[in-house]
Every structure is written in structure tokens, then in C-alpha cells.
A.B. asks: 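Pasting a structure here, questions to come.
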Amino acid sequence: FKEFRYALANLGPVGRSFAKTLANAERGIRRQKSREMPEASGDVKAVIGEPMFIPLYKLYLTYGGVFRLTFGPKSFVIVSDAAVAKHLLRDNAKGYSKGILAEILEFVMGKGLIPADAEVWRVRRRAIVPALHRKYVAAMMDLFGKSTQNLCTKLDIAINNGEDVEMESLFSKLTLDIIGKAVFNYDFDSLSHDEGIVEAVYVALREAEARSTAIIPYWNLPFAQAIFPRQRKVATSLKLINDTLDTIITTCKKIVEEEDVDFHDEYMSDRDPSILHFLLASGDEVSSKQLRDDLMTLLIAGHETTAAVLTWTFYLLSQNPIVVEKLQSEVDATLGERMPTVADMKNLKYTTRVINESMRLYPQPPVLIRRALEDDKLGKFTVKKGDDIFISIWNLHRSPSYWVNPEEFNPERWPLDGPDPNEVTQNFRYLPFGGGQRKCVGDMFATYESITAVAMLARRYNFDLAVDAPPVGMTTGATIHTSSGLKMTVTRRARPVIFPVMERPIVTAMNKNGSVARY
Ligand code: HEM
């Protein structure tokens, strides 16, 4: 075109005028092309067998921070750009719903906070957030410690029997036991038994994960329950869970009615500090169905996420002995034999950085889902109403544009005297708990829970991958699971460790070296 334009320009005034028009048209086409979203189209088979976020990472390196991925008639916009993520999650959050996620989770969470549309969400978020006040989270420290101690008892038995342990399922049980007590004061005691209601919870969870990775919505097929035995099991499990929740709610209502409640901002019943008790005592006017949806949502949101964080943290630690040494010396110096308290949380700085870094490499969930409620601009690209959008936290957290050696596990990348990394301090390149109005309500809860578990376990044991452990691959549902478990050999640390004191010290005594021991 360039030569042609030069030739035209040499043909006198008319030719020059034509050449100008042509140049303008070329510029227009170039501008138009730069505004067109890059498009990757693929065969759905290419992403089967791999967790979905892995091929998305490869596509991101080719197509950039915003591109469209098309499979036959379906298309998704994939976002791996921090500024665009900030726009979606914070600046124009109102322009987006939870889309497919809400459709998938409806069967188990109903209109709970995670899938809720704007109207329900506004009311329920306002009711639930105050329940997770500072005093409540501080009161949960005792629960985190006691539950981790139950896990220690399990590990001690395995050590005494010379057995290896599958840590992923143990972390899942630990966090289920914690969240059951924390949300509705129910003791699943799944570390001791896994039948009945515990099994029902896992059936529901696995079904939610299966639906989130399914290519066709098999559950909507007519007579799905008649065709698929698993769907019948899901229905029976949900019934058991709902009945149990109804009983829990009725019992709690009765207790609250009998109490002389003096409700205030940081209200907490000493007898039952659960979120359910807070909601009922607050006089929250809510239908039983909505309350059940809220409880179920909190149970699911707070369970496998934290379990996955612990699983991948211990996997990473098993690959990084120098980090373990630093972690153990911090815990020894800060806690000694004590149970962690809320005051320790700010002093266990390196432990926190280990968890921050683990959540960078293994974000839970690795992808956030949205749907455009109106046409909008994502940077220079346009999205249309109804477009489904995946914000890949995995890509953001491993982007070579945002991180030095992004694949390296390096807790030192977060200075100990710097601010705790979050979406605000990292300008939306780091989103372990999301950001904007739909940000996680349990971020502090989950952080303290994880610090407590990591500190107590690392203080007492060394964890190594078992010699015959299967390779630690990834598979995904809502969170990143290992493909075949995390089989570890656990050994007691050589350093003599006394089992930590549970409650406030009952007896104190002087040690030979003059220090005070508490029993
Ligand atoms: C939302 C992560 C623990 C309750 C979220 C979101 C993320 C997240 C990324 C945003 C989802 C989105 O924008 O689509 C995590 C991680 C956890 C954790 C990594 C553990 C380490 C918890 C706990 C609870 C909880 C312990 C409850 C006690 C919720 C709820 C929402 C949420 C209710 C929905 C908030 C809303 O839409 O208003 N979480 N979470 N999470 N999380 Fe967490």
C-alpha cells in the first residue's frame, strides 16, 4: 500500500487527495484492529485432563492480559491484567454478577453470599460482616489451637505406628471441624469419624466441584436423579444437611430466646460465640431458607479454601528446607511451648509471609467468575452484556510482568517490616481474598487459622514427602486439589517439645534455669 500511495501522490493534486484518503483508511483499520480483543479459539479436548487454569496461563503468555477464548458456541473473556481486575472487582463491581458460578452453586448455596445477586447480597452482607468482628476472631484462636491439637494427636498415633499420612484429607477435616464450630457451633468431629453428616457434606462439596468443571450441565437433564445414582446421593445428602441445619437453627433460636441478650456491636455469647448465635441475637429478620443458605455458604467458603492453603503450604515447605528452618526458629522464639494467641499473630511475621507466598503460588480459588450486566470497556476492549468473564488469579500471581522469578517460592519477597500483602498494597496484582465489594469476609479468620496451624505443626514436627508418595500434581474444582493426595512422612522434631498448654495456665512453676513453666 505504501508504494501505491507514493505513486498516487506523484500523479498531481487528484492523486495526492486519493493517497490521503487511503492513508486515513489504513490508520482507521489499524486503530480498529488494536481495539479488537485478541481471540483464541480451541478444541475443548485441549483443556480436558489438565486443570483449566494451566492452559489459560499458556494462552495468557501468547494473547496478553485480556483475550477472548472461544469453544464452539461458547466464549469467555480471560482477564490476567491487574488494572482490568481492579475495574471488574472494585471500580465497576456493580456492572457484574457471579454468572455461571451462581447457576452452578444454586443447588447447595441457594442465595448465600457467594452466588447472591446484588439485591440479596447487599442485605445479607450487611447482616453477616458484623458477626466476624475482631473479638469474635480473637475468640476463635482457642478453637484453632484445640483443633490443631486434635490433628497432632492423629499425627502422633501415625508416628507411633510407623505410618505415613495423607495430609490433604487431614487438613480438610481440620478445617471442617473448625468452620462447623465457628459458624453454627456444631462439632463435626471429622478428625475422629467421617460417616453421616460429615460424609453428606463431602458429597455436596464434591458435587459442587464436579459441576464447576463439567462441560455440559448434566444435573439439568430431565430425570437426572433417576438416571444418575450420584445425583440421588447428592439429593439425600442435601436433605440430611438441611435437616441438620434446621435442627441447629431451632435449638439456637430457643437458647437466644431464653437468654437475656444485651446486643451490641461486638456482641458474643461466651457459651456459643458462633456466627449463627450472633445473627439470631442481633434480631436479624431473615427467612429460614436464607439463613440456611448463609450458613451453608460460610461452611463451604471457609472449609476447602483454608484446607487447600494448608496443603500447598506444607507441600512447598517440604521442597524448601531453608524456609522451614527459618519458620521453626521464629515459632520457637515467639511461642516456645505456648498456644498461639491473637497477640502472637503480628509477631509471627515470617510464618505469615510463608502463607502469603503460598497463596500467591496456589490461589484458592485460582479463577474468579463474573458476567457483564451491561456493555462495558475493559481497558481498550469492549465486552457485551452477558459476556462471561474469568479473572485468572493464577495468571496474575505468576505473571512475569508483575513478579521477579514468579515460579519461585520465596517468602523473602515480602519484607517482614513491610505491610501485609493484599489487593490494596499490591494494586490488584495479588488477590488471595479477592477485592472490592465482594471481597472475602473471612480473610482475617482464615489468616489466623492458617498461621495457628502452620506454627503449631511446624513447631512439633518435620514433614517430608513420603518416599513412595505419588507425584504431587494438581487438579481443580473450586480450589486446587492435589491429583493423588499429599502423602507425607511426619517425624517429631529432635528438639524436645512439650505439648502446648491449652487454656489459661492453671499452675505455674519455676524451671531449673529460672524460667517459669506453665501447666
Ligand atoms: C469470598 C478466598 C476463607 C467466606 C471469597 C473470595 C475469595 C476468597 C478469593 C472472593 C470470591 C469472588 O470475588 O468471586 C478465600 C480464601 C480463604 C477463605 C483463600 C482461606 C484461606 C474464608 C472463610 C470464610 C469465607 C474462613 C468464612 C468464615 C467467604 C464469603 C465470601 C468469600 C462469604 C463471599 C463474599 C461476598 O460475595 O460478599 N473468599 N476465602 N472465606 N469468602 Fe473467602
Side-chain angles (χ1 to χ4, degrees), residues 108-109 112 114 132 136-137 139-155 165-194 197-206 208-209 241 273-276 295-317 339-340 345 351-352 354-355 358-359 362-366 432-433 440-458 463 476-482 485-486 488:
V108 62
M109 291 189 189
I114 287 188
L132 287 116
Y136 165 79
V137 177
M140 290 298 109
M141 291 300 300
D142 198 39
L143 171 65
F144 302 155
K146 280 180 181 158
S147 304
T148 307
Q149 203 149 304
N150 291 342
L151 175 56
C152 291
T153 307
K154 274 246 164 216
L155 296 180
V165 281
E166 201 289 280
M167 290 305 296
E168 185 173 31
S169 57
L170 288 178
F171 284 136
S172 177
K173 290 172 179 187
L174 169 70
T175 55
L176 178 61
D177 287 354
I178 289 175
I179 203 75
K181 286 291 281 178
V183 174
F184 38 75
N185 196 27
Y186 184 81
D187 195 358
F188 284 105
D189 196 16
S190 68
L191 277 164
S192 309
H193 68 90
D194 50 15
I197 182 75
V198 174
E199 193 197 356
V201 169
Y202 280 105
V203 170
L205 279 174
R206 296 291 160 260
E209 300 212 312
I241 296 170
S274 72
I275 294 176
L276 172 62
L295 299 181
M296 201 55 200
T297 301
L298 288 165
L299 179 75
I300 294 179
H303 170 210
E304 296 259 291
T305 42
T306 321
V309 168
L310 292 173
T311 300
W312 291 105
T313 302
F314 277 82
Y315 167 68
L316 288 165
L317 289 174
M339 199 73 137
M345 295 297 103
T351 315
T352 309
V354 165
I355 293 162
S358 160
M359 288 201 282
Y362 295 95
Q364 316 292 346
F433 293 107
C440 181
V441 301
D443 56 344
M444 203 206 297
F445 180 110
T447 305
Y448 288 2
E449 179 184 6
S450 306
I451 296 174
T452 304
V454 170
M456 285 179 66
L457 292 170
F463 293 83
T476 186
T479 55
I480 310 172
H481 293 285
T482 67
L486 181 66
M488 300 194 109

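As a basis for the values below, the full set of heavy atoms in this structure was taken, side chains included, without hydrogen atoms, waters or symmetry mates. Throughout, residue positions are numbered sequentially from 1 according to the sequence presented.
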A.B. asks: Find the distance between CG (N150) and CG (L170) and round it off to the nearest 0.5 Å.
C.D. replies: 12.0 Å

A.B. asks: Got a second to check how far H303's NE2 is from L298's CG, nearest 0.5 Å?
C.D. replies: 14.0 Å

A.B. asks: Assess whether a salt bridge exists between K173 and E168, defined as any Lys/Arg side-chain N lying under 4.0 Å from an Asp/Glu carboxylate O.
C.D. replies: no

A.B. asks: What I'd like to find out is whether the side chain of V183 reaches to under 4.5 Å of the side chain of L295, using heavy atoms alone.
C.D. replies: yes

A.B. asks: Name the orientation class of the two ring planes belonging to F445 and F144 (parallel below 30°, tilted from 30 to 60°, perpendicular beyond 60°).
C.D. replies: perpendicular

A.B. asks: Mark yes or no for whether Y136, through its side chain, and A182, through its backbone, hold a donor-acceptor pair below 3.5 Å.
C.D. replies: yes

A.B. asks: So, do T479 and E209 sit near enough that their side-chain heavy atoms are less than 4.5 Å apart?
C.D. replies: yes

A.B. asks: If I take atom OG1 from residue T148 and atom CE from residue M456, how far apart are they, to the nearest 0.5 angstrom?
C.D. replies: 5.0 Å

A.B. asks: Angle class for the F188/F184 ring planes (parallel below 30°, perpendicular above 60°, tilted otherwise)?
C.D. replies: perpendicular

A.B. asks: Taking the six-membered ring for Trp, are the ring centroids of F463 and Y315 within less than 6.0 Å of each other?
C.D. replies: no

A.B. asks: So that I can tick it off, tell me whether D187 and K181 are bridged by a salt bridge, with the cut-off set at under 4.0 angstrom between side-chain N and carboxylate O.
C.D. replies: no

A.B. asks: Looking at every heavy atom in both G302 and T306, which two are closest together, and how far apart are they?
C.D. replies: O-OG1, 3.2 Å

A.B. asks: Out of curiosity, K146 NZ to T452 OG1, how far, rounded to the nearest 0.5 Å?
C.D. replies: 13.5 Å

A.B. asks: CD of Q149 to CG of L457: how many Å apart, nearest 0.5 Å?
C.D. replies: 10.5 Å

A.B. asks: Would you mind reporting whether T476 and P366 have side-chain heavy atoms less than 4.5 Å apart?
C.D. replies: yes

A.B. asks: Under the side chain to side chain contact (heavy atoms under 4.5 Å, CB included) rule, what do M141 and M339 come out as? Steps first, then yes or no, please.
C.D. replies: CA-CA 9 Å; M141 291 300 300; M339 199 73 137; over 6 Å; no

A.B. asks: Hydrogens and angles aside, do S190 and D177 bring a side-chain donor and acceptor to less than 3.5 Å of each other?
C.D. replies: yes

A.B. asks: Quick one: are M167 and F314 in side-chain contact, heavy atoms under 4.5 Å?
C.D. replies: no

A.B. asks: Give a yes or no on whether the backbone of G485 and the side-chain of E166 come within a donor-acceptor separation of less than 3.5 Å.
C.D. replies: no

A.B. asks: Checking T313 against S358: is there a side-chain donor and acceptor pair closer than 3.5 Å?
C.D. replies: yes

A.B. asks: Side chains of T447 and I355, heavy atoms from C-beta outward: is any pair under 4.5 Å?
C.D. replies: no

A.B. asks: With side chain to side chain contact (heavy atoms under 4.5 Å, CB included) as the criterion, how do F171 and V309 come out once you've worked through the C-alpha distance, each side chain's angles and the decisive distance to 0.1 Å?
C.D. replies: CA-CA 9 Å; F171 284 136; V309 168; over 6 Å; no

A.B. asks: Verify the distance criterion only: is there a donor paired with an acceptor across the side chains of S172 and Y202 at less than 3.5 Å?
C.D. replies: yes

A.B. asks: Is a donor on one side and an acceptor on the other found under 3.5 Å between the side chain of Q364 and the backbone of Y362?
C.D. replies: yes

A.B. asks: Between the side chain of W312 and the main-chain N/O of I480, is any donor-acceptor distance below 3.5 Å?
C.D. replies: yes

A.B. asks: Can you pull the salt bridge (Lys or Arg N to Asp or Glu O under 4.0 Å) pairs that have at least one residue in residues 445-457, sequence neighbours excluded?
C.D. replies: none

A.B. asks: Mind checking whether L276 and N185 have side chains closer than 4.5 Å, heavy atoms only?
C.D. replies: no

A.B. asks: With side-chain hydrogen bond (donor to acceptor under 3.5 Å, both in side chains) as the test, would you mind laying out the steps for S192 and D189 before giving the verdict?
C.D. replies: CA-CA 6 Å; S192 309; D189 196 16; 2.9 Å; yes

A.B. asks: Would you give the length of the straight line joining atom CD1 of I451 to atom OG1 of T352, rounded to the nearest 0.5 angstrom?
C.D. replies: 3.5 Å

A.B. asks: Return the minimal non-hydrogen interatomic distance between A301 and I114, and the atom names on each side.
C.D. replies: CB-CD1, 3.6 Å

A.B. asks: Would you say the side chain of T153 lies within less than 4.5 Å of the side chain of L191, judging by non-hydrogen atoms?
C.D. replies: no

A.B. asks: So do the side chains of I241 and V108 get within less than 4.5 Å of each other, counting heavy atoms only?
C.D. replies: no

